[in-house]
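Side-chain atoms are counted along with the backbone in the values below, which use heavy atoms only and exclude waters and symmetry mates. Every chain is numbered from 1 and lettered A, B, ... according to where its sequence line falls, protein lines coming before strand lines.
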Amino acid sequence: MPLRTPAIACAPRRGRRLAFLLGALLFLPARAQHGVKEKAEHPAPQAPEIQVPAPPFSEGVFPCSSCHDGKTMKPDPKRRELGMHTEIELKHGPESRWCLDCHDLADRDSLRLASGERIPFTSSYMLCGQCHGDKFRDWRVGIHGKRTGRWNGEKQYLLCVHCHNPHGPRFKPLKPMPPPVPPEKIRPSKGGRP
Amino acid sequence: MNASHPGPCSGSCPGGEGTPGRREFLAAAVAGMAGALAGCGKLSMEEFLQRNFRELAKDEIQKILLRLEKEYRAKFGKPVRVGIEEPMQGVVFGYALDLSRCIGCRRCVHACVRENNQSRDPQIQWIRVMEMEKELGVDVQHANHYYDPAVVPREGHFYMPVQCHQCRRAPCVKVCPVGATWQEPDGITVVDYNWCIGCRYCMAACPYGARHFNWGEPQLPAAELNTETHYLGNRPRPQGVVEKCTFCIQRTRKGLYPACAEICPTGSRKFGNLMDPKSEIRYVLENKRVFLFKEDLNTKPKFYYFYGV
Ligand code: SF4
Ligand code: SF4
C-alpha cells in the first residue's frame, strides 16, 4: 500500500514556523511506510497520491520545542497534574493514559509509539492505529473517514485528528441544516400552478 | 387534417352518429392541441419538435446544446456549460452509506441542492434524511423528516438519508409511457427533461420517493447557479418535468466524487465503480454488513446501506 508520509498541503491559517517544521518532517517516508506494512487480506485500493492537510494544532503551540527545549524546562516523566495546558481535558481513557504515552519526552516535536519509536505529527494515524486497528484498517482503504477528490484517481485524506480531538475523541455534535418545507407549507410561486 | 375523410370507424363509432361526432372530436382535438402549445408558453418550435435524446445524431445534439446554452445565458446572465459526458467503459457506479456514522446534519441535502441546481422555491431536494428511533430500527412509518434540534445526533436516534437508488430493475423506467427516463450503461437512471411529459407515473412507481416534480417555475437565483452542467443531469429544468438524483453525473463521469460524498463531515458516504474489485465501494460490499432498503421489492438498487463499525 503506497501510503507515504503525506505531502503537506498546508492550511492557510497555520503559522509560518509550522510550515517550516512540517516541511522538515517530510524526510521520514521510510518510517511512515513501516507502520502500514500490515498484511492486507483484501487488496487495498490504489491511491496514487494521498494528501492531507496539516495536523490541526492549536494556534501558536507548535513547535512544542520552543518551550520544551530541554533546558529552560527540565523534562519530568512523572505522571501528575500539569500547571500548563489546563485547557486540555483528557477524555480519552484518562485512567490509563497521560501525555507521555503519546508525546515523546525527549523530543516534544514528535509523537511516540508504544514501541518507543518516534513519529512526526503528520503520521499520527500510526499512533491511533496501535489501539484502533479496525478503524485504521478501514481508514487506509478509504472507508473510515472521508476522502475527497477523484473516485478513480488522486484523493485527499484527512488525519484521524482532523475529526477526532486526540484528547477527547468523540465526534462533536453539529447543528443540522434546515429541514425541508413540509408539504402543507409549500405555496405556489410566481408562474407556478397551485 | 381532413375531417371528411372516411375513417375506419366511420358511422359505427360508439356514442357517435357517424361523421358529425367525429368532426366535433377532431375540432376539439385541434383546439386542444393549440391550447396545449399555447400553454407551453416559451416553448420554441425547435424545442417542440426535438426528438428523444437517445435518438439524436451527434450534430443534432450539438445544436441542442448550443440552443440550451444560449437560453440559459439569457435567463441567468452568465455562461453555462451543458455537457454530454458519456459513460466510461467498464464502469458501473455504486454508492454505500454508513448508517452507523451518519448524524443527520443534512450537509449532503444542501450541497446537492447547490450542485444540482434544484429549485429553491418551490423547494425541491433530491436527498431526504429520516430520523428514526434506535429502538424501532428502520421503521419508515415513524420516521421524522422535519427534525430540527439544536444539535444532532439526538440521543436514541439514528439517521437514514434516502435518494435515488439507481435501481437495476427500475420501476420508474418501466412505467414511463414515453421513454423519457432510462438507465445508462454506467447504471445511472436519467431523465430527458425535453422529452418528459410530466405525467408523474414514475413518481408513483418509485418506492423511494426519489423523484420530484417541478410544479412551479423553478426559482434558482443566478448567483447560486452551478454553471457546470450535464444535459441529463443538473442543467436548469423547466416547469412541468420530473427530476432526480443522478449520482452527480456531471461530476462522476469526470472522475470526481458526488457532491454529497465530498461534503459529508462524518465520511458516511462511499462511492465508486462496482466493476473495480479494488474500489472503496467493493471493499464495503465485501467486508461490511450491508443491507438494501425495501429489498423485498426486487428493485435491485445500486445504493447500499452498511454498518461501518
Ligand atoms: S452529510 Fe453525512 S452525516 Fe450529514 S446527513 Fe448527510 S450523510 Fe449524514
Ligand atoms: S430509486 Fe426510484 S427514481 Fe431511482 S431508479 Fe429506483 S425507482 Fe427509479
Side-chain angles (χ1 to χ4, degrees), chain A residues 1-2 40-48 50 52 132-160 162-164 170-194, chain B residues 41 88 91 93 96 98 101 103-107 109-110 119 121-123 125 128-129 145-153 214-219 239-240 252 254-258 261-262 264-273 276-284 286-288 308-309:
Chain A
M1 166 87 189
E41 69 283 2
H42 187 287
Q46 303 291 307
I50 297 159
V52 292
H132 306 281
D134 54 337
K135 302 291 184 295
F136 180 52
R137 184 188 61 213
D138 283 354
W139 175 79
R140 277 181 43 217
V141 291
I143 304 305
H144 184 105
K146 80 166 173 182
R147 280 177 163 191
T148 51
R150 308 182 71 83
W151 59 264
N152 63 354
E154 195 173 307
K155 305 172 208 302
Q156 291 89 44
Y157 263 133
L158 295 175
L159 292 173
C160 318
H162 283 113
C163 302
H164 304 282
R170 192 173 191 78
F171 195 89
K172 300 284 169 292
L174 292 175
K175 182 169 171 34
M177 289 190 75
V181 180
E184 64 274 14
K185 293 236 179 84
I186 295 180
R187 295 272 165 267
S189 60
K190 251 192 305 131
R193 270 171 278 182
Chain B
M88 295 180 196
V91 172
F93 290 126
D98 190 344
R101 297 250 144 66
I103 56 169
C105 68
R106 294 202 191 90
R107 302 286 188 277
V109 176
H110 293 267
S119 171
D121 178 31
Q123 187 183 64
Q125 295 180 345
R128 179 62 68 107
V129 187
H145 298 217
Y146 306 106
Y147 64 90
D148 196 18
V151 289
V152 283
N214 284 282
W215 288 98
E217 183 66 31
Q219 302 296 313
Q239 181 180 354
T252 49
K254 289 188 215 144
L256 298 169
Y257 281 115
E262 285 244 317
C264 176
T266 60
S268 302
R269 293 171 162 271
K270 303 296 159 197
F271 176 84
N273 180 8
D276 175 5
K278 294 200 190 102
S279 65
E280 291 153 30
I281 184 82
R282 281 286 290 273
Y283 185 91
V284 170
E286 286 163 29
N287 294 283
K288 297 292 176 189
V309 284

Practice prompt. With a 4.5 Å cut-off on heavy-atom pairs, point out which of Thr252(B), Val284(B), Asp98(B), Val109(B) contacts chain A the most.
Written response: Thr252(B)
Fill in: Residue, of Arg107(B), Lys254(B), Gln125(B), that accumulates the most heavy atom pairs under 4.5 Å with chain A
Arg107(B)
Please look at [X] and chain A and tell me whether the side chain, the backbone, both or neither of the residue comes under 4.5 angstrom of a heavy atom of that chain.
X         : value
Pro218(B) : neither
Pro149(B) : both
Leu256(B) : both

Practice prompt. Give a yes or no on whether the backbone of Glu262(B) and the side-chain of Lys146(A) come within a donor-acceptor separation of less than 3.5 Å.
Written response: yes
Worksheet item: Under 3.5 Å, side chain of Arg147(A) to main-chain N/O of Gly267(B), donor-acceptor pair present?
Response: no
For [X] against [Y], the heavy-atom pair lying closest together:
X         : Y         : result
Pro265(B) : Leu174(A) : CG-CD1, 3.7 Å
Arg106(B) : Pro180(A) : NE-CD, 4.0 Å
Ala150(B) : Pro176(A) : O-CD, 3.6 Å

State the [atom1]-[atom2] distance between [X] and [Y], to the nearest 0.5 angstrom.
X         : Y         : atom1 : atom2 : result
Met88(B)  : Asn152(A) : CE    : CG    : 5.0 Å
Arg140(A) : Tyr283(B) : CZ    : OH    : 8.5 Å
Phe171(A) : Thr266(B) : CZ    : OG1   : 6.0 Å
Lys288(B) : Ile143(A) : NZ    : CD1   : 7.5 Å

Discussion item. Tell me every residue that passes ring-ring contact (aromatic ring centres under 6.0 Å, His included) with Phe93(B), counting only those two or more places apart in sequence or in another chain.
Written reply: Trp151(A), Phe271(B)
Worksheet item: Sequence neighbours excluded, which residues qualify as side chain to side chain donor-acceptor pair (under 3.5 Å) partners of Arg128(B)?
Response: His145(B)
Item to complete: Flag the one option from His144(A), Met177(A), Lys135(A) with the top tally of heavy-atom pairs under 4.5 Å to chain B.
Response: Met177(A)
